[in-house]
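Down below is the structure, laid out as structure tokens.
For ligands, and for the atoms within them, numbers begin at 1 and follow the listed sequence. Model, not experiment: these values are computed from the prediction.
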Amino acid sequence: MDSKKYVSEINSTENLETLGELEIKYLGRNGLINDLLSKIKDIPNEEKKAYGQKINELKTSMYRYIADKKKELQSKKSNVFFDKTLPGKSYPKGSIHIVSYAIEEITKIFEKIDFIRVSYPEVDWEYGAFESLNMPANHPARDDVETSFIDTPAHSTLGKMVLTPHTSNGQNREMKRVGKPPIRMINISKCYRPNWDPTHTPMFHQFEGLCVDPNISIVNLKGTLDHFAEKYFGKGTKTRLRPHHFQFTEPSFEVDISCNNCHGTAKVDGNKCRVCKSGWLELGGCGMVHPNVLKEGGIDSKKYSGWAFGFGIERVIMMKYGLDDIRNYYSGDIRFLEQF
Ligand code: DAH
């Protein structure tokens, strides 16, 4: 039994694998210590006690030497593999989807001028989408808006359920929620119309402005539109109103903004502007809220007046960045989305 030899063998070990082998050799079931213990039967009786004690001491010290060595080798091992100077792993960075980003930008612009951001249902009753907006049942104006109906039984007074084709359904809800003007609403929500081409996707987003108070006029509407155009599209962007017809506004207009590519001149370096062709780009619809719509919302149309507008989010993004196919927004193509 050469304990010095065992200890030096353990101490000179340079890796954990060899140490593991030594552990088995000395302390394993068929190892040296058990072998020595089994030999106790051949030892004369008077020496048995001292022999047993010696083997046990040897066993305890071997355990300790092996454990200490193991610790030492493990710490060396982690030192070798941990190099603080190596560059860390970098993970791909995500970015906010352009539509979410635009929603945030638009919300901020309107919140700064005291509008309240709401988000009314994208699944609503016919009442909210049409009737409350001066479009009674069977009115031909309903056909202008292609609508998807939900296959559930109709409500006795509110009509069928629809995937709302515009955010104007928020007008009646907001008037009823607020009760007494002032009302300054910006309703941003998903809308649905069954179209699929470079400028339409079946699901899209609109933002709807509504302002009701005493003496609200077209001047307030124009001022707010100018403010939005400058803030969202950039300084110097102008708006213009063209007469139009909507059931829920009277008078009604379509809004254009001046094209930022040619600054409203329709010409770039003597050639026709590629982006707009006329100096103007169409933004969406607006007008003075029809008295019937105010009445339906529980608002006295003799005391109060208001304006409203509804624009497409995908459309304003397209106009801002000069994009030509909004289907890309929802293609899931990271190369497209990463650009914003
Ligand atoms: N709801 C209309 C649409 O989706 C847009 C619109 C036009 C909204 C005029 C308005 C408005 O609030 O006054 O085509």
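- Contact annotation: the side chain of R184 never approaches that of I116 to less than 4.5 Å [non-hydrogen atoms, C-beta and beyond].
- Residues of the protein with a heavy atom under 4.0 Å from ligand 1 are H166, S168, Q171, R193, Q206, E208, F246, F248, T249, G285, C286, G287, A308, F309, G310, listed by chain and number.
- Side-chain rings of F204 and Y329 stay apart, their centers remaining 6.0 Å or farther from each other.
- Not counting sequence neighbours, the partners of T107 by the side chain to side chain donor-acceptor pair (under 3.5 Å) test are R117.
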* To do: Starting from the C-alpha separation in whole Å, work towards a yes-or-no answer on ring-ring contact (aromatic ring centres under 6.0 Å, His included) for Y26 and Y6.
  => CA-CA 8 Å; Y26 296 132; Y6 310 148; 5.1 Å; yes
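- F248 and F130 have their aromatic ring centers separated by at least 6.0 angstrom.
- With contacts defined as side-chain heavy-atom distances shorter than 4.5 Å, the pair I188/Q206 does not qualify.
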